[in-house]
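Questions regarding the structure given below will be posed in turn.
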Amino acid sequence: MIALSLARVAEIVDGELAGTTPDTAPVVDGPVVIDGREASPGGLFAAFVGERVDGHDHVPQAAAAGAVAVLGSRPTELPTVVVEDVRAALQRLASYVVSRVREEGDLTVVALTGSQGKTSTKDLLAAVLGRSAATVATRGSFNNELGMPLTALRVEQGTRFLVLEMGARGIGHIAELTGLVRPDVSVVLNVGQAHLGEFGSRDAIAQAKGELVEALTQDGTAVLNAGDERVSAMAARTAGRVLSFGDVPGSGVRIEGLTLDRLGRPTFRLAHGEEQAEVALRLVGAHQALNAAAAAAAAV
């Protein structure tokens with residue numbers, strides 16, 4: 001995370017300092033974590049109270065690992081910013097950090113969603129962008145209202161790309177996340193049947209996933225699967241430009257000549273305009289070609 005005085009953190013999240021004063025408050029310049037075992041020097045430990053575990057009880061563990069301060073709902077052994085809602089405060093802090101890095105640097109935010117393939121595509125894209133410049137990406141599938149802010153808080157002053165995987169369990173969830181961190185590029189992979197029980201229909205899933213492209217400004221870009229009619233229809237829901245990907249005619253980034261080797265690994269040609277590149281993936285399954293095309297389109 002960018003370096004911030006704990007007093008400044010308290011101002012940002014509208015909290016109260018405990019165990020320190022504005023003049024003596026430590027500077028937080030390490031990672032923000034919710035697991036005391038993952039704390040490191042200069043870090044901030046966010047203490048959540050769950051049904052069975054109270055994070056405040058693990059402050060000594062976080063302190064031993066190097067954390068210098070706590071974001072919690074009551075005072076602790078370490079200097080603490082006390083708030084009523086730790087999750088809301090964490091989200092507010094993440095939004096501030098990304099906005100500040102955007103203003104002072106050259107940060108581009110790429111967000112991805114879809115019923116399948118989010119994590120694979122996110123990892124492919126992070127690998128591509130990471131070859132070019134400093135990149136922060138979601139770890140694993142930590143893509144909800146808690147995981148997304150924790151990822152955003154890993155942004156530093158020199159970060160060039162922030163790649164965020166965004167999941168949804170209902171309508172409005174992605175809109176909540178994009179309200180915290182606005183994407184510059186929104187990637188929608190597909191609308192499948194995952195979480196159909198929660199949503200009730202694939203049209204409802206499409207409605208929720210499409211919130212990602214609705215968050216774009218006219219300077220943004222929606223990257224949409226040309227072979228999924230519910231996804232391609234989202235072009236009408238964005239003010240930004242659209243770049244499609246897929247294996248159907250007219251795709252902006254096209255998959256051509258797809259074959260699988262004896263282990264099921266895809267080899268194919270990616271085409272964009274007059275440019276072409278031969279691709280051989282070490283991943284298994286024809287569907288990984290679509291994930292690769294989506295990552296390539298987002299990078300373009």
Side-chain angles (χ1 to χ4, degrees), residues 110-128 137-148 151 163-178 183 185-216 221-238 240 242-255 258 260 264-266 268 270 279 281 283-299:
V110 185
L112 303 93
T113 195
S115 296
Q116 295 90 26
K118 291 188 296 295
T119 300
S120 295
T121 305
K122 174 263 303 179
D123 289 340
L124 288 167
L125 178 58
V128 169
T138 303
R139 290 172 176 155
S141 55
F142 217 29
N143 59 25
N144 61 11
E145 64 277 5
L146 184 56
M148 194 281 283
T151 301
V163 182
L164 296 172
E165 179 180 331
M166 293 190 180
R169 301 178 307 280
I171 291 174
H173 288 179
I174 289 178
E176 177 184 348
L177 298 180
T178 57
V185 178
S186 293
V187 184
V188 184
L189 300 173
N190 45 57
V191 174
Q193 299 186 48
H195 306 296
L196 192 59
E198 290 95 330
F199 285 96
S201 70
R202 291 181 71 180
D203 287 340
I205 295 173
Q207 181 64 33
K209 300 297 185 187
E211 292 169 1
L212 192 63
V213 302
E214 290 177 347
L216 294 167
T221 302
V223 175
L224 304 177
N225 184 348
D228 186 317
E229 62 180 13
R230 288 182 173 86
V231 175
S232 59
M234 294 177 190
R237 296 171 61 181
T238 179
V242 174
L243 176 61
S244 64
F245 68 91
D247 55 4
V248 299
S251 301
V253 174
R254 303 179 304 283
I255 299 167
L258 173 64
L260 300 177
R265 297 173 300 190
F268 53 96
L270 273 182
V279 181
L281 295 180
L283 303 172
V284 175
H287 65 285
Q288 296 290 2
L290 274 175
N291 293 340

TODO: Report the distance from atom OG of S120 to atom CG of L112, rounding to the nearest 0.5 Å.
DONE: 11.0 Å
Open item on the list: Please enumerate all residues that pass salt bridge (charged side-chain N to carboxylate O under 4.0 Å, His left out) together with R139, with sequence neighbours excluded.
Closed with: none
Open item on the list: Checking V223 against V188 for the side chain to side chain contact (heavy atoms under 4.5 Å, CB included) test, could you report, in this order, the C-alpha distance in whole Å, the side-chain angles of both residues, the deciding distance, and whether it holds?
Closed with: CA-CA 6 Å; V223 175; V188 184; over 6 Å; no
- [ ] Mind checking side chain to side chain contact (heavy atoms under 4.5 Å, CB included) for A215 and listing every partner two or more places apart, or none if nothing turns up?
- [x] T178, P183
TODO: Measure the spacing between CG of N143 and OG1 of T113 and express it to the nearest 0.5 Å.
DONE: 7.5 Å
- [ ] Grab the two heavy atoms, one from A222 and one from V213, that are nearest each other, plus how far apart they are.
- [x] CB-CG1, 3.9 Å
Open item on the list: The criterion is side-chain hydrogen bond (donor to acceptor under 3.5 Å, both in side chains); which residues satisfy it with T121, sequence neighbours excluded?
Closed with: N291
TODO: For the pair N190 (side chain) and S115 (backbone), establish whether a donor and an acceptor sit closer than 3.5 Å, ignoring hydrogens and angles.
DONE: yes
Open item on the list: If the condition is side chain to side chain contact (heavy atoms under 4.5 Å, CB included), which residues does A286 pass it with, not counting sequence neighbours?
Closed with: L258, L260
Task: Check: G172 main-chain N/O paired with E211 side-chain donor or acceptor under 3.5 Å - done: yes
Open item on the list: Are the side chains of V231 and L189 in contact, using a 4.5 Å heavy-atom criterion?
Closed with: no
- [ ] Applying side chain to side chain contact (heavy atoms under 4.5 Å, CB included), name anything that partners S251, two or more places apart in sequence or on another chain.
- [x] A226, S244, V248, R254
Task: Test side-chain hydrogen bond (donor to acceptor under 3.5 Å, both in side chains) applied to E176 - qualifying residues, sequence neighbours left out - done: none
Open item on the list: Among residues at least two apart in sequence or on other chains, which ones pass side chain to side chain contact (heavy atoms under 4.5 Å, CB included) with V128?
Closed with: A299
Task: Pairwise side chain to side chain donor-acceptor pair (under 3.5 Å) hits with a residue in residues 224-236, at least two apart - done: D203-R230
Task: For R265, side-chain hydrogen bond (donor to acceptor under 3.5 Å, both in side chains) partners two or more places apart - done: D261
Open item on the list: Would you compute the distance between atom NE2 of H173 and atom CG of L177 and round it to the nearest 0.5 angstrom?
Closed with: 9.0 Å
TODO: Identify the two heavy atoms, one from K118 and one from M166, that lie closest to each other, and give their separation to 0.1 Å.
DONE: CD-O, 3.6 Å
- [ ] Only counting residues at least two apart or in another chain, list the ones meeting side-chain hydrogen bond (donor to acceptor under 3.5 Å, both in side chains) with T119.
- [x] E165
- [ ] Could you grab the distance from atom CZ of F245 to atom CG of L224, nearest 0.5 Å is fine?
- [x] 7.5 Å
Open item on the list: Would you say that V253 contacts L270 through its side chain, given a criterion of any heavy-atom pair below 4.5 Å between the two side chains?
Closed with: yes
TODO: Considering non-hydrogen atoms only, spot the tightest contact between P266 and L283 and give its length.
DONE: CD-O, 3.1 Å
Task: Backbone N/O of T138 and side chain of K122: donor-acceptor pair under 3.5 Å - done: yes
- [ ] Search all heavy atoms of A292 against all heavy atoms of L281 and return the closest pair with its distance.
- [x] CB-CD1, 4.1 Å
TODO: For residues T221 and V242, determine if any side-chain heavy atom of one lies less than 4.5 Å from a side-chain heavy atom of the other.
DONE: no
TODO: Could you walk me through whether E145 and R169 pass the salt bridge (Lys or Arg N to Asp or Glu O under 4.0 Å) test, one step at a time?
DONE: CA-CA 11 Å; E145 64 277 5; R169 301 178 307 280; 3.5 Å; yes
TODO: Please name the pair of heavy atoms, one in A298 and one in L125, separated by the smallest distance, quoted to 0.1 Å.
DONE: CB-CD2, 3.8 Å
Task: Minimum-distance pair of heavy atoms, taken over all atoms of L212 and V187 - done: CD2-O, 3.5 Å
